[in-house]
Amino acid sequence: MSKDFYLQSKPKTKRSKRFLQNRESKLTENVKNAMIMKGGNTSETVTHALKDIYALKKPNAVLYKKKNIMRPFEDSTSLEFFSKKSDCSLFLFGSHNKKRPHNLIFGRMFDFHVLDMVELGIEKFASLKEIKNSKCAAGTKPMLVFAGEAFDTDNEHKRLKSILIDFFRGPTVTNVRLAGLEHLLHFTAVEGKIYMRSYRVLLKKSGCRTPRVELEEIGPSFDLVMRRTHLASDDLYKTAHRRPKALKPKKKKNVSHDAFGTKLGRLHMQKQDLSKLQTRKMKGLKKRKVVGGEESSSSSPKRAKTPE
């Protein structure tokens, strides 16, 4: 029987029930997992590159050690099968041949179908072992920095930037601790090439409250060149980014925010008669009574103190 039959049938055990519930669609989706696999023919450079990227991505990644003979740009059915089997929406495929040596393909799925993917060629590579510095702990959420006009102007580089953000962003957090900002991934697009560098952030004493920041390269280091691309149409890309109605913030009447994020409210009141407005009570402002054509103070006069 096919795998779809088991997914559509009713669970018989609590374990299978939890498994099916985890696969169901959710309003707030889980952390995106990535499957990392190599093709039928790979080089030593590609093998080390896949292992190093897996070290950056884990624990939200699955590394396939066996070779998988497939060509994603020609037939993506095998990728979609593995994506559904491992419940991964991101993938990294490595291959090597004479026409396209040291090849990496970054891509992502939508509804277990290939949404878009970009093919990058490795021109220069330095692994984690070659750069002998102390590393960051596994699972550390990295900071992502993109430099270069191409990431803002060129459509293919824009989509590559979006794929890399999805791939390396990690879990969504509500609070940030300063000491936890210790890993930095820097991507630079210059003259048709993409340079990827990985740094460890060092916070050192500066003599004041704000620490002095230094960067120490820890690897891996890539010099990449863009090759083939498979980009989704604008309609499909818009559908993939559609948010459910339950997550859309409800508009509140007479409430707005300014450019700095300050919450502003508008109150609607009836027209007031300012002559009847109660002001601060002071003796000097008290109204005097008119007695026989002369004004007299409403307050009784104070008695003079008699000498002791």
Side-chain angles (χ1 to χ4, degrees), residues 29 31-37 39 46 49-50 53 56-57 60-61 70-80 82-83 88-97 99-125 141-170 172 184-198 220-244 247-248:
E29 58 183 15
V31 181
K32 293 184 179 181
N33 295 326
M35 55 181 184
I36 300 174
M37 55 180 61
V46 172
L50 295 178
I53 294 177
L56 297 178
K57 181 64 179 172
N60 302 314
M70 63 178 74
R71 295 175 180 175
F73 279 89
E74 298 175 9
D75 185 12
S76 60
T77 54
S78 298
L79 273 176
E80 293 169 358
F82 282 112
S83 172
C88 294
S89 57
L90 303 168
F91 68 88
L92 173 60
F93 183 80
S95 62
H96 174 74
N97 53 51
K99 188 176 182 180
R100 297 182 182 88
H102 313 306
N103 208 38
L104 295 177
I105 300 176
F106 286 88
R108 53 187 171 183
M109 303 283 184
F110 172 65
D111 197 16
F112 300 112
H113 294 286
V114 174
L115 180 66
D116 44 18
M117 52 185 170
V118 178
E119 187 178 63
L120 302 173
I122 302 175
E123 291 190 343
K124 189 177 180 181
F125 169 65
K141 182 179 173 67
M143 297 177 287
L144 304 179
V145 178
F146 291 86
E149 294 182 0
F151 285 126
D152 298 325
T153 56
D154 185 59
N155 189 36
E156 292 182 347
H157 282 77
K158 283 182 181 179
R159 198 64 62 87
L160 175 61
K161 177 182 177 181
S162 178
I163 293 173
L164 293 174
I165 290 174
D166 270 353
F167 200 92
F168 292 107
R169 68 182 300 175
T172 303
L184 173 68
L185 289 177
H186 195 281
F187 300 91
T188 308
V190 179
E191 297 178 356
K193 294 185 180 181
I194 300 160
Y195 301 92
M196 174 183 169
R197 299 292 184 266
S198 178
S221 172
F222 292 92
D223 290 359
L224 305 168
V225 60
M226 187 178 292
R227 291 174 179 168
R228 293 181 293 178
T229 58
H230 171 79
L231 305 181
S233 61
D234 294 338
D235 294 337
L236 180 60
Y237 193 71
K238 187 177 180 180
T239 305
H241 282 75
R242 186 177 298 167
R243 297 180 62 188
L247 290 180
K248 291 182 179 179

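Computed from heavy atoms alone, side chains included, the values below leave out hydrogens, waters and symmetry copies. These numbers come from a predicted model, not from an experiment.
Once rounded to the nearest 0.5 Å, the distance linking CZ of Phe91 with CE of Met109 reads 5.0 Å. Taking CZ of Arg169 as the reference point, atom CG of Leu90 lies at 10.5 Å (rounded to 0.5 Å). To the nearest 0.5 Å, atoms NZ (Lys32) and CG (Asn60) are separated by 12.5 Å. Rounded to the nearest 0.5 angstrom, Ser76 OG and Met70 CE are separated by 10.0 Å. Once rounded to the nearest 0.5 Å, the distance linking CE of Met196 with CG of Leu56 reads 5.5 Å.
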task = Show your reasoning for whether side chain to side chain contact (heavy atoms under 4.5 Å, CB included) applies to Met35 and Leu79.
result = CA-CA 9 Å; Met35 55 181 184; Leu79 273 176; 3.9 Å; yes
ask   = Where do Leu92 and Lys57 land on the side chain to side chain contact (heavy atoms under 4.5 Å, CB included) test, with the steps shown first?
value = CA-CA 11 Å; Leu92 173 60; Lys57 181 64 179 172; over 6 Å; no
request  = Take Met226 and Leu120 through the test side chain to side chain contact (heavy atoms under 4.5 Å, CB included) and record every step on the way to the result.
outcome  = CA-CA 5 Å; Met226 187 178 292; Leu120 302 173; 4.2 Å; yes
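Using a cutoff of 4.0 Å between basic side-chain nitrogens and carboxylate oxygens, Glu119 and Arg228 are scored as salt-bridged. In summary, Asp166 and Lys161 do not engage in a salt bridge, as defined by a charged side-chain N under 4.0 Å from a carboxylate O.
No more than 12 heavy atoms of other residues, nucleotides or ligands sit less than 6.0 Å from atom NZ of Lys193. Remark: Arg227 CZ is packed, more than 12 non-hydrogen atoms of other residues, nucleotides or ligands lying under 6.0 Å away.
Both tests pass for Arg159 against the ring of Tyr237: distance under 6.0 Å to the centre and angle within 45° of the axis.
Between Phe146 and Phe187, the two ring planes are parallel [angle under 30°; tilted spans 30° to 60°]. Between Phe168 and Phe106, the ring-plane angle classifies as tilted under the 30° and 60° cut-offs. Using the six-membered ring where Trp is involved, Phe222 and Phe125 have ring planes that are tilted, between 30° and 60° apart.
For His96, the ring pair (Phe, Tyr, Trp, His ring centres under 6.0 Å) partners two or more places apart in sequence, or in a different chain, are His102.
By the 4.5 Å heavy-atom criterion applied to side chains, Leu50 and Leu104 are counted as neighbours. Residues His186 and Tyr195 are not in side-chain contact: their nearest non-hydrogen atoms beyond the backbone lie 4.5 Å or more apart. In this structure, Leu184 and Val145 have side chains that are in contact, with non-hydrogen atoms separated by less than 4.5 Å. Put simply, the side chain of Leu231 reaches to within 4.5 Å of the side chain of Asn155, judged on heavy atoms. No side-chain heavy atom of Glu80 sits less than 4.5 Å from a side-chain heavy atom of Phe112.
For the side-chain hydrogen bond (donor to acceptor under 3.5 Å, both in side chains) with Arg108, the qualifying choice from Ser162, Ser83, Ser89 is Ser162, the only one to do so. When each of Val225, Asn103, Asp223, Leu224 is checked for a side-chain contact (heavy atoms from CB on, under 4.5 Å) with Ile122, only Leu224 meets the rule.
Asp75 places a side-chain N or O within donor-acceptor distance of the main-chain N or O of Thr77, the cut-off being under 3.5 Å.
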